[in-house]
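First up is the structure itself, then whatever we jot down about it.
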Amino acid sequence: MSICMVASTARRGQRVASPVRCVLAVFTVVLLSLPDLAQSTAGRVLGTVTDQSGAAVVGANVTIADVDRGTSRALVTDTAGAYVAADLQPGNYKIRVAAKGFKTAERPSVVVEVATDLRADFTLQPGQVTEIVEVTQEIPLVNTTSATLGGTLSNAEINDLPLNGRNYQNLLQLRPGVMRYPGGGFSTTSANGLRAEDNAYLIDGLYNTEPFSGQGVINGSGIVGDSATILPIDAIQEFNLQQNPPAEYGWKPGAIVNVGLKSGTNTLHGTAFAFGRDGAMDARNFFNQSPAP
């Protein structure tokens with residue numbers, strides 16, 4: 001009511017505005033209040049369900065179960081035999097497809113990565129729906145659903161690779177096209193030859209880029225040393241680096257570093273680590289010439 005009154009009374013004595021103007025004002029406020037869902041760590045699974053002749057199976061029941069969290073989502077294929085499951089938390093999933101007159105097909109282990117699309121197609125065989133065919137075929141390495149260049153460093157790689165300082169940003173240069181300027185340190189990570197300030201960093205969908213230097217606020221290297229704020233690698237599920245990001249990442253021309261944090265599961269788990277450093281074992285910096293300490 002108050003929005004309509006504000007939109008309709010520019011000065012005393014003006015008649016009440018039309019309902020169309022009132023609706024437009026409300027619509028504008030609603031749009032501005034919507035959360036920004038474009039930059040997310042959630043992944044997506046999509047695919048088609050066909051029979052052995054290649055014809056689409058309409059109305060097949062698709063169940064996508066989160067193995068770690070014990071939740072599931074039920075979908076139904078459309079007239080083209082297609083299904084799409086969006087906003088999936090990164091993790092391990094089980095996909096089951098059932099349709100009348102066909103055997104049930106199941107993929108027991110499908111890994112959804114941070115901010116990526118995964119295609120999982122099914123070909124159903126005639127038979128009883130109570131019969132289950134387990135599909136063990138690997139998902140193709142070639143991504144046919146997206147033209148984005150880049151890749152994901154999994155949780156196992158983050159935790160198992162040698163990482164001096166336990167800063168995940170030291171792993172960025174493992175991706176093709178990413179390098180650090182000689183000497184390293186503050187604002188030196190370049191993607192495809194662009195300046196370091198052309199990159200953008202996200203943590204669980206939140207913008208984490210310092211506006212002046214363009215490096216990450218959390219885990220960003222200091223001018224004279226390592227970062228003051230470190231996100232423990234034990235808290236990171238995985239991170240994705242996109243080197244030709246789509247339109248929703250429109251701020252920067254460089255790489256988009258999208259970090260997904262771990263979330264709770266149905267089992268108790270935790271980590272412990274010991275971190276020691278001996279300066280006598282460190283290699284001398286290229287610019288730190290002898291006899292400097």
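Each residue takes its place number in the sequence, starting with 1.
In the hydrophobic clustering of ILVMFWY residues, with side-chain heavy atoms under 4.5 Å counting as a link, Ile132 and Ile64 come out apart. Cluster membership check: Leu161 shares its hydrophobic cluster with Ile233, using side-chain heavy-atom separations under 4.5 Å among Ile, Leu, Val, Met, Phe, Trp and Tyr. Each of Val129 and Val49 belongs to its own hydrophobic cluster when Ile, Leu, Val, Met, Phe, Trp and Tyr are linked at side-chain heavy-atom distances under 4.5 angstrom. A chain of hydrophobic side-chain contacts below 4.5 Å, direct or via other Ile, Leu, Val, Met, Phe, Trp or Tyr residues, connects Tyr168 to Leu241. Ile95 and Leu88 fall within a single hydrophobic cluster, where Ile, Leu, Val, Met, Phe, Trp and Tyr side chains are chained together by heavy-atom contacts under 4.5 Å.
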* **Residues Val178, Ser190; criterion side chain to side chain contact (heavy atoms under 4.5 Å, CB included); working and verdict** => CA-CA 6 Å; Val178 179; Ser190 170; over 6 Å; no
* **Pair Asp204-Val259, side chain to side chain contact (heavy atoms under 4.5 Å, CB included): steps then yes or no** => CA-CA 6 Å; Asp204 252 10; Val259 180; over 6 Å; no
* **Stepwise side chain to side chain contact (heavy atoms under 4.5 Å, CB included) check, Asp51 with Thr123** => CA-CA 5 Å; Asp51 59 18; Thr123 300; over 6 Å; no
* To do: Give the C-alpha distance, both sets of side-chain angles, the deciding distance and a yes or no for side chain to side chain contact (heavy atoms under 4.5 Å, CB included) between Leu172 and Tyr201.
  => CA-CA 12 Å; Leu172 294 179; Tyr201 299 84; 4.1 Å; yes
* **Test side chain to side chain donor-acceptor pair (under 3.5 Å) applied to Asn258 and Thr41, step by step** => CA-CA 7 Å; Asn258 202 337; Thr41 57; 5.6 Å; no
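A 6.0 Å sphere centred on CD of Gln52 holds more than 12 heavy atoms belonging to other residues, nucleotides or ligands. Few gaps surround NZ on Lys252; more than 12 heavy atoms of other groups in view lie less than 6.0 Å from it.
Between Leu153 and Ile158, the closest heavy-atom pair is O-CD1, 3.7 Å. Taking every heavy atom of both residues into account, Thr79 and Ala56 meet most closely at O-CB, 4.2 Å. Scanning all heavy atoms of the two residues, the minimum distance from Leu171 to Phe239 falls at CB-CZ, 4.1 Å. Ala191 and Ala255 get closest at one heavy-atom pair: CB-CB, 3.7 Å. Among all heavy-atom pairs drawn from Glu197 and Ser187, the shortest one is OE1-OG, 4.3 Å. Nearest heavy-atom pair across Leu124 and Ala99 is CD1-CB, 3.9 Å.
Summarising the geometry, atom OG1 belonging to Thr188 is positioned 8.0 Å from atom CD belonging to Gln215; distances are rounded to the nearest 0.5 Å. Atom CD1 in Ile203 sits 4.0 Å away from atom CD1 in Ile218 (nearest 0.5 Å). To the nearest 0.5 Å, atoms OH (Tyr83) and CG (Asn61) are separated by 13.0 Å. Annotation: the span from Asn199 atom CG to Leu194 atom CG amounts to 7.5 Å, rounded to 0.5 Å. Expressed to the nearest 0.5 Å, how far CD of Glu131 lies from CZ of Phe102 amounts to 13.0 Å. Remark: Thr189 OG1 to Gln173 CD distance equals 7.0 Å, nearest 0.5 Å.
Side chains of Val84 and Val45 form no contact here, defined as non-hydrogen atoms less than 4.5 Å apart. Between Leu75 and Arg73, the closest side-chain pair of non-hydrogen atoms falls below 4.5 Å. At a threshold of 4.5 Å between non-hydrogen side-chain atoms, the residues Asn92 and Ser109 count as touching. Between Tyr93 and Arg107, every side-chain heavy-atom pair lies at or beyond the 4.5 Å cut-off. Put simply, the side chain of Ile256 reaches to within 4.5 Å of the side chain of Leu202, judged on heavy atoms.
We find that Asp121 and Arg119 are joined by a salt bridge, their nearest charged nitrogen and carboxylate oxygen being less than 4.0 Å apart.
Without hydrogens or angle criteria, Lys103 side chain to Thr130 main chain gives no donor-acceptor distance under 3.5 Å. With hydrogens and angles disregarded, no donor-acceptor distance shorter than 3.5 Å links the side chain of Thr152 to the backbone of Glu113.
No hydrogens or angles considered: nothing links the side chains of Asn155 and Glu238 as a donor-acceptor pair under 3.5 Å. Using a 3.5 Å distance cut-off with no hydrogens or angles, the side chains of Asn170 and Arg180 do pair a donor with an acceptor. Counted by atom type alone, Asn167 and Asn219 present one or more donor-acceptor pairs between their side chains at under 3.5 Å. No side-chain donor from either of Arg44 and Thr116 sits under 3.5 Å from a side-chain acceptor of the other.
No option in Gln237, Gln89, Arg69 other than Arg69 meets the side chain to side chain donor-acceptor pair (under 3.5 Å) test with Ser263.
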